[in-house]
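Down below is the structure, laid out as structure tokens.
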Amino acid sequence: MARATPPSRLVQQFSKLKERLAEVEDTLDAIRSGSIDALVVHTPRGEQLFTLRGADQTYRALVEAMNEGAVTLNHGVIAFCNNHFARIARAPLEKVFGSPIASWVPSEEFRALLASLERGTRQRASIEASLFAADGTEVPVMLSVGRFSSDNQTSVSLVVTDITERKAAEQARRDLSRRIVEAQELERQRVARDLHDSVNQLLFSAKFRLNSAQPESAHSTRETLDQVRSLIDKAIGEVRLISHNLRPSELDDLGLGAALRSLAKGFQSRYGITTRCRCSLYRRLDSEIEMALYRIAQEALANVARHARATNAHLAINCSNGNVRLEVRDNGKGPPVGPAAQNVRGWGLKNMKERTGLLGGSFSIQRARDRGTIISVNIPLLHQNGCSTVNPI
């Protein structure tokens, strides 16, 4: 048989319930009258519930609709924040309310700024800092703070903007600038090497032969002059080739199609790799696009010569559906696959990808079905379209 609860125990429990009910009623009256800023209630399960002081629904909707975090600080403690700030902090609201802002933004510069705002020596300011989220992520943020008074109490409003994407874009621009400078330096080195290995050697040889000529022998003199003339012709040819590689005259005068056909013919002549070009372009393209596609084709053929061990190469370019497409194909050994592909860090591929990306295009490199490599580039055209067929060289 169950034992009955003593009357004194019941009276004690009833008295405690009555006291808690009175506390709840007092709290509700305080909320209704607007005499408190926020209510923090700890439940037996450790949850926390919050209520704003008398803020109207329009204001709340506005704050919650912001794309930035909105925070109110009282003596460095978060008295209110919107859901967006909680998302930046990767934490539920109940973990954010009542916590010191320094636990999220442990910046000495920001702490000094808050102190100056609370003293009244500053009214508003902005600062970049790092917010350390609950999951350990370091989030770059812009903090815009302002000082305001409410009920004879100084508080600080804080707008938190996640600038991760902006920081990434700034870093990408710095990386691009660095790579452009490095590419320019590599191009200077290539030109200097070409001049030294070809033109300089030819001119030195011509000078040597002139110095060793024997004036008393007419036959020797004629033979030496013929040799010198041949060396100078070769030097002139090398200078023209270097100049052409720097800026092909066909590209400016006749357009991309003519420049690519000339590129293919010169490549075949220089390396003995059978090279064909099919161009289907109706009109001139934007000069920036023409130059980018020419450089990509030039770099792709250079990779064929250096790495592919190919006997045939093929250039194709056409435009349709508002896009221009360049394809460079060879019958060589093909690109690395599997783990080996991760170790490919050639400047040629990087340059081709970056040139394509700067024009909003797409770049791909893949192994051909039979053998060899296919490099494909697609670049969107704004107001240019149309195709005509030109017979391959």
Considering residues at least two apart in sequence or located in another chain, which fulfil the ring pair (Phe, Tyr, Trp, His ring centres under 6.0 Å) criterion with Phe132? none

Which pairs with one or both residues in residues 369-380 pass salt bridge (Lys or Arg N to Asp or Glu O under 4.0 Å), sequence neighbours excluded? none

Holding to side-chain contact (heavy atoms from CB on, under 4.5 Å), I want the full list of residues that pass it with Ser362, two or more places apart in sequence or in another chain. Asn378

Test question: given the 4.5 Å side-chain rule for I, L, V, M, F, W and Y, name all other residues clustered with Val77, or answer none. none

Which residues share a salt bridge (Lys or Arg N to Asp or Glu O under 4.0 Å) with Arg355, sequence neighbours left out: none

With sequence neighbours excluded, residues passing side-chain contact (heavy atoms from CB on, under 4.5 Å) with Gln268: Thr274, Thr275

Show me the pairs that pass side chain to side chain donor-acceptor pair (under 3.5 Å) and involve residues 115-126, at least two apart or across chains. Ser126-Ser144

Would you give me the side-chain donor-acceptor pairs under 3.5 Å for residues 300-308, sequence neighbours excluded?
| unit_1 | atom_1 | unit_2 | atom_2 | d |
| --- | --- | --- | --- | --- |
| Asn303 | OD1 | Arg306 | NH2 | 2.9 |
| Arg306 | NH2 | Glu299 | OE2 | 3.3 |

Sort and list the pairs that fulfil salt bridge (Lys or Arg N to Asp or Glu O under 4.0 Å) and have at least one residue in residues 81-93, not counting sequence neighbours. Arg90-Asp135

All ring pair (Phe, Tyr, Trp, His ring centres under 6.0 Å) counterparts of Phe267, not counting sequence neighbours: Tyr271

What residues, two or more places apart in sequence or in another chain, satisfy side-chain contact (heavy atoms from CB on, under 4.5 Å) together with Glu170? Arg166, Lys167, Arg173, Arg174

Kindly give the cluster partners of Leu254, where membership spreads through any ILVMFWY side chain lying under 4.5 Å from a current member. none

